[in-house]
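The structure displayed is predicted, hence computed values, not measured ones.
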Amino acid sequence: MKPRSILLALVLLAGCGEAPARNALCAYCSSDAQCAGNPCFQDVSGNRFCGSPCDSCPAGFSCETVMGTTGPARTCFPNTEACPAEPNGPDAGIPNPSTDGGMNPMQKGDLAGQIGGIPVGGQVGPTGGTVDRLFFGFTGDTRPADCNFPQTPYPQSVINNIFMQMHQMGVQFALDQGDHMFNCGTSSNYYTQDLATAREQMQDYITAADLLGKTVFMTMGNHECSGESSALCTLGSYGNNANYTAFLDALKPVASKPYYRFDVMTKSGLAVFLVVADDVWDSAEQSWLTQQLTDADARAKYTFVAKHHPDGNTDHPEFQTIYNLVRAHKYTLFLTGHTHEYKHQYNDPRALVMGVGGAPLAGNATYFGYGTVLQGADDRIYVSVFDQSTGNAVDSFDVGPQ
């Protein structure tokens, strides 16, 4: 099912509160509900305005398909891509691209490759890429409920639906937060897992990820090691640990190690992505992460960090060491999983737990789902979280670059 609203977070760009907008073209709004049956669209300024029926477009406006807050719709749209500013509206004092030479309005025409009027064109491959503005998806913890596989099946329909919905939205790539399998093997010894079963479960995940049609950057979880909290892996576990071997083989198109970096250049600056493997943490990875964070502090406009275990997890002291190391640097979002719920970390509005990708739900979680991250026209980062069963947005918020 296609999400009912792929732009819930963008309403925060408007700054117009909940007061009903007057029923007029280019009146400020925050949702379609305020526009008397017309879409509440976003123009090049980043603010939202009411549309009007296409049979009554005034001079300077043409009938266009735009994204409102509940989906695409036809409306009169300004030829300059910018609604005229109201004297006391949120654009007061801000240059209007229709009259000021200091701003570059988007080219008029087809809105393909744009989200709510924001151009998000470009490509991101296994080693990174270049885009107009970031628009990516994220999810985590897609493993079966227990290791009695295949009697306990892979949550295929859930993860298929997640990637299909991301595909429909047009995200540029996806980033997950780990735990793609639950494999105990055929032996009574947990550490002699069955490699064939591990590979089968990883293939189930890859089959779903292929529905996106874009690169999926994977994070290593504890289930890509022993599955238990009592033991960590090492880089030398490849060829000896079935889960780790199957995961690293699936990761090869992106990286040769379970921790890695990729960069995406946007029109507003560099976005650095650091994927941390906390279940193989050692001095070499610590040195690598410190160097990458320091480099990102100096050069990046955005820094996104992904790892499996969230803040406060004490299964191993290394997990909190990593978290504290990242917290000592600048970052835009810190994406984790492991706990099968969605939540903001209690002490950090930039840190999220996204563990509702198909594994048994925990805590107060009531849905399986995923999130999207959009770099707004104002360079802020807009996060939306969706219930995959309904396509409805269940949360949204925004943060500054770092």
Side-chain angles (χ1 to χ4, degrees), residues 1-14 29-35 37-42 48 51 65-75 111-118 120 134-142 154-177 205 207-214 216 335 337 340-344 352-361 364-376 381-398:
M1 180 183 297
K2 187 171 182 178
R4 194 173 65 183
S5 170
I6 68 174
L7 293 171
L8 181 61
L10 289 179
V11 301
L12 298 173
L13 291 171
C29 60
S30 62
S31 71
D32 290 354
Q34 296 174 323
C35 296
N38 300 299
C40 178
F41 63 80
Q42 185 184 51
R48 283 194 172 276
T65 298
V66 300
M67 273 294 179
T69 59
T70 58
R74 300 283 285 175
T75 183
L111 293 182
Q114 301 176 13
I115 301 298
I118 297 176
V120 294
L134 287 170
F135 183 45
F136 68 91
F138 65 98
T139 191
D141 292 85
T142 60
Y154 203 80
Q156 199 71 51
S157 62
V158 170
I159 191 62
N160 283 357
N161 207 25
I162 285 174
F163 282 117
M164 287 174 63
Q165 289 184 18
M166 287 186 187
H167 170 77
Q168 291 168 346
M169 291 180 179
V171 300
Q172 299 150 346
F173 61 93
L175 173 63
D176 77 26
Q177 283 70 68
Y205 180 84
T207 297
D210 285 346
L211 296 173
L212 179 64
K214 306 288 181 62
V216 176
L335 304 175
H340 301 165
E341 58 185 335
Y342 162 72
K343 67 177 181 180
H344 290 188
L352 305 180
V353 176
M354 173 56 75
V356 291
L361 298 175
N364 296 320
T366 59
Y367 62 89
F368 298 115
Y370 61 99
T372 61
V373 173
L374 175 66
Q375 178 189 0
I381 293 298
Y382 291 83
V383 181
S384 297
V385 177
F386 300 91
D387 177 345
Q388 60 81 39
S389 66
T390 63
N392 292 337
V394 294
D395 190 25
S396 65
F397 67 95
D398 63 290

Q. Which residues satisfy the side chain to side chain donor-acceptor pair (under 3.5 Å) test with S157, sequence neighbours excluded?
A.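 Once residues adjacent in sequence are excluded, S157 has no partner under the side chain to side chain donor-acceptor pair (under 3.5 Å) criterion.
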Q.
Determine whether V216 and Y205 satisfy the following criterion, side-chain contact (heavy atoms from CB on, under 4.5 Å), listing intermediate values before the conclusion.
A. CA-CA 10 Å; V216 176; Y205 180 84; 3.6 Å; yes
Q | Among D387, V385, T139, the one residue meeting side-chain contact (heavy atoms from CB on, under 4.5 Å) with Y342 | A |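 It is V385; the other options fail the test.
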(Q) According to salt bridge (Lys or Arg N to Asp or Glu O under 4.0 Å), who are the partners of K214, at least two apart in sequence or on a separate chain? (A)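 Partners of K214 under the salt bridge (Lys or Arg N to Asp or Glu O under 4.0 Å) test: none.
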So, do [X] and [Y] sit near enough that their side-chain heavy atoms are less than 4.5 Å apart?
X	Y	result
L335	M354	no
T142	I162	no
V373	L134	no
L352	H344	yes
T390	Y367	no

Q. Can any side-chain N or O of Q165 pair as donor or acceptor with the backbone N or O of Q388 at less than 3.5 Å?
A.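 Checked: pair present.
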(Q) Once you measure the plane-to-plane angle for Y370 and F386, does it fall in the parallel (<30°), tilted (30-60°) or perpendicular (>60°) bin? (A)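 Parallel: the ring planes of Y370 and F386 meet at under 30°.
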Q.
My understanding is that only residues two or more places apart in sequence, or in another chain, count here; which of them pass ring-ring contact (aromatic ring centres under 6.0 Å, His included) with F136?
A.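 ring-ring contact (aromatic ring centres under 6.0 Å, His included) check on F136 returns F173, F273, F304.
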